[in-house]
Amino acid sequence: MHTLPIVLQKFHSIHPGIDFQLHQGTVPYLIKLISQGSIDLAFASPVPKHHERIRSSILYTERMVLLMPKRHKKAGKGPIALSQLKNERFITFRSKLSLQELFRDACRQAGFAPNIVFEGEDMDTIKSLVSSDFGIALMPETLPLTIYRKRSWLSRSARRKSHAP
């Protein structure tokens, strides 16, 4: 959601006479609004596929980063293949949110079903659980590095990526 405000501001500066109203919701909710004709456009992730009344396009892709405490055995070791994490405990967003769907799909493609020990909605709760070594979390790059930029519990590789000291 960090990209959308920038895009909207740019659009509004180019087209000041066009007004719009924003709605936030799950992908199924946004599809319902489009199907009903209540809205004309939605930005959603994951992109809806094979929907008879919805046309979708991928606007951009985003890298995922692994959040783990500094003391984790894999912290600071460089890139880690998802398949190397099959025995880990995962902390994720709740199952109705699209990030978990993307996460589960990626794990399936890597050959395992993730051991999800906590599903939450709040980033502060997720980061606290990661920092207390309750589990690890896989997040879009822009989300954790914006929120956790200078947190001491990030591994060295995550700190380097965020340019934090």
Side-chain angles (χ1 to χ4, degrees), residues 1-10 22 24-31 42-51 54 56-165:
M1 287 308 294
H2 300 291
T3 304
L4 186 57
I6 296 166
V7 170
L8 294 176
Q9 188 278 330
K10 181 75 171 174
L22 300 176
Q24 186 176 26
T26 63
V27 173
Y29 174 72
L30 295 172
I31 289 173
F43 295 97
S45 176
V47 172
K49 297 177 188 170
H50 314 296
H51 195 282
I54 305 294
S56 58
S57 299
I58 296 173
L59 297 178
Y60 67 94
T61 58
E62 188 169 22
R63 289 173 23 139
M64 301 295 281
V65 294
L66 182 61
L67 302 180
M68 61 178 56
K70 286 171 49 172
R71 62 190 168 278
H72 191 282
K73 63 184 175 258
K74 290 181 170 81
K77 306 274 189 205
I80 299 170
L82 187 56
S83 60
Q84 293 177 284
L85 303 173
K86 66 182 176 187
N87 297 319
E88 296 289 340
R89 296 164 45 98
F90 287 96
I91 300 165
T92 69
F93 284 105
R94 66 183 170 87
S95 59
K96 294 198 188 282
L97 298 178
S98 59
L99 280 177
Q100 192 183 108
E101 181 184 334
L102 292 170
F103 169 69
R104 284 182 183 274
D105 286 345
C107 290
R108 268 190 289 279
Q109 290 175 21
F112 71 98
N115 175 20
I116 297 175
V117 296
F118 180 80
E119 295 180 5
E121 297 178 18
D122 177 64
M123 278 305 300
D124 286 333
T125 302
I126 292 172
K127 75 174 186 180
S128 294
L129 289 169
V130 168
S131 71
S132 67
D133 208 14
F134 189 71
I136 62 175
L138 195 65
M139 299 287 159
E141 186 173 39
T142 57
L143 188 60
L145 296 181
T146 300
I147 294 172
Y148 307 123
R149 188 167 199 134
K150 294 185 179 180
R151 304 293 176 160
S152 61
W153 59 268
L154 280 176
S155 71
R156 227 178 266 151
S157 62
R159 283 201 313 271
R160 274 197 305 271
K161 192 168 270 305
S162 69
H163 308 293

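Since this is a predicted model, take the numbers as computed values, not measurements. Along the sequence shown, the residues carry numbers beginning at 1. These values consider heavy atoms only, across backbone and side chains, with no hydrogens, waters or symmetry-generated copies.
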Can you tell me how far CD1 of Ile116 sits from SG of Cys107, rounded to the nearest 0.5 angstrom? 7.5 Å
Do Val130 and Ile136 come close enough that some side-chain heavy atom pair is under 4.5 Å? no
If you define the side chain from C-beta out and look only at heavy atoms, does anything of Arg89 sit under 4.5 Å from Phe134? yes
Any chance you could measure Leu138, atom CG, to Ile80, atom CD1, to the nearest 0.5 Å? 10.0 Å
A side-chain contact here means heavy atoms from C-beta on lying under 4.5 Å apart; do Phe103 and Phe90 qualify? yes
CZ (Phe43) and CD (Gln24) are apart, to the nearest 0.5 Å, by 13.5 Å
Taking the side chain as every heavy atom from C-beta outward, state whether Thr125 and Phe118 have any atom pair closer than 4.5 Å. yes
So, using salt bridge (Lys or Arg N to Asp or Glu O under 4.0 Å) as the criterion, who are the partners of Lys86 when residues are at least two apart? none
With the side chain counted from C-beta on, respond yes when Ile6 and Gln9 share a heavy-atom pair under 4.5 Å apart, and no when they do not. no
Can you find a heavy atom in the side chain of Leu22 that is under 4.5 Å from one in the side chain of Leu8? yes
Write down the atom of Ala137, the atom of Ile91, and the distance for their closest heavy-atom approach. CB-O, 3.4 Å
Heavy-atom closest pair, residues Lys74 and Met68: C-SD, 3.8 Å
Any side-chain heavy-atom pair of Ser131 and Pro69 under 4.5 Å: no
Just wondering, do Leu66 and Leu82 contact through their side chains at under 4.5 Å, heavy atoms? no
Any sub-3.5 Å donor-acceptor pair from Glu88's side-chain atoms to Leu85's backbone N or O? no
